[in-house]
Amino acid sequence: MNTPVSAWFDCSSGVAGDMLLGALLDAGATLDTVGRAVDAVAPGSIRVRAEQVRRCGLSATQVHVDADPGPPHRTWHAIRTMLARAALPEAVRERAHSVFLRLARAEAAAHGIAVDDVHFHEVGALDAIADVVGVCAAVHELGITDAAATPVTLGSGRARSAHGRIPVPAPAVLRLLTGSGAPARSGGLPYEMATPTGVALLLTLCGEWGGMPELRLVATGAGAGTRDLEDVPNVVRVVLGTTPRADAPAVAQAVVGPRARPG
């Protein structure tokens with residue numbers, strides 16, 4: 001049995017779905033696995049690419065999504081149906097479903113409508129479907145069983161959306177964080193640093209918040225955002241490792257040796 005892998009996400013520069021996906025690819029997930037999972041949900045409509053870039057001198061993986069033109073929005077029911085019909089590992093399907101359900105509930109609360117009446121715009125676009133399904137597939141491939149993250153840096157000012165220019169943090173981001181137990185901070189920079197998709201993914205993946213836990217490191221990666229800032233590396237970092245508790249059975253078996261099988 002493989003040793004469980006823990007992940008810690010450094011979101012001190014913010015978080016977005018493509019940044020999380022880039023970090024996991026940088027840490028060892030394969031573009032082939034991600035691409036096959038995304039294609040299972042939206043066959044022939046999405047192509048995921050990755051390139052190495054620098055952000056404030058740090059090497060990072062930036063994800064690009066090439067999507068065919070599609071409908072201007074998708075309902076929660078439509079996305080739920082796409083996931084249900086896709087040939088995905090059940091763990092990937094369930095995690096992606098959880099992410100989009102969080103988003104649907106947050107959008108419904110932000111706009112004062114029923115969850116089933118939510119029409120996704122930004123998060124219903126094919127590139128966001130690629131981010132959510134891609135991250136869930138990468139987590140599954142890397143064998144990540146639990147995750148933690150720093151407090152989420154949100155930004156400030158205003159951002160463009162399908163509803164016009166909205167205040168930052170976006171209403172959906174605040175709804176996602178309310179009652180979640182996840183700590184957040186402004187960060188002071190005058191732009192959107194945390195997207196609803198990125199926050200929904202973090203909340204679905206992470207059960208702990210704060211500094212990096214005690215880990216025996218096995219891999220690390222960085223995922224780049226689209227902005228190349230002068231003073232702040234616009235990246236999400238991920239650290240993968242095993243905990244001493246998870247390693248203990250394997251160590252004990254190595255010392256004692258395998259049990260004799262009955263003759």
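Starting from 1, each residue takes its place in the sequence as its number.
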Could you walk me through whether V135 and L24 satisfy the side-chain contact (heavy atoms from CB on, under 4.5 Å) test, starting with their C-alpha distance in whole Å, then the side-chain angles of each, then the deciding distance to 0.1 Å, before giving a yes or no? CA-CA 7 Å; V135 167; L24 292 167; 3.8 Å; yes
Mind checking side-chain hydrogen bond (donor to acceptor under 3.5 Å, both in side chains) for [X] and listing every partner two or more places apart, or none if nothing turns up?
X	value
T150	none
E51	H64
S59	Q52
R54	none

I'd like to know whether T204 forms a side-chain hydrogen bond (donor to acceptor under 3.5 Å, both in side chains) with R102, so could you lay out the CA-CA distance, the side-chain angles of the two residues, the decisive distance to 0.1 Å, and finally the verdict. CA-CA 8 Å; T204 302; R102 285 181 188 273; 3.0 Å; yes
Can you sort out the partners of [X] under salt bridge (charged side-chain N to carboxylate O under 4.0 Å, His left out), two or more places apart, ordered by chain and number?
X	result
R85	none
D228	none
R93	E90
R227	none

For V53, what are the other residues in its hydrophobic cluster, where any two members join if their side-chain heavy atoms are less than 4.5 angstrom apart?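 Traced through the cluster, V53 reaches no other member.
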Selection [range] - residue pairs positive for side-chain hydrogen bond (donor to acceptor under 3.5 Å, both in side chains), sequence neighbours left out:
range	answer
residues 136-149	S6-D146, T30-E141, T33-E141
residues 232-241	D10-R237
residues 167-182	none

side-chain hydrogen bond (donor to acceptor under 3.5 Å, both in side chains) evaluation trace for T242 with R216: CA-CA 5 Å; T242 60; R216 292 186 174 94; 5.2 Å; no
Could you measure the distance from the CD1 atom of I144 to the CZ atom of R95? Nearest 0.5 Å is fine.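 Here the rounded value is 8.5 Å.
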I need the minimum non-hydrogen distance between L201 and C136, along with the two atoms involved.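 L201 and C136 have their closest heavy atoms at CD2-SG, 4.4 Å.
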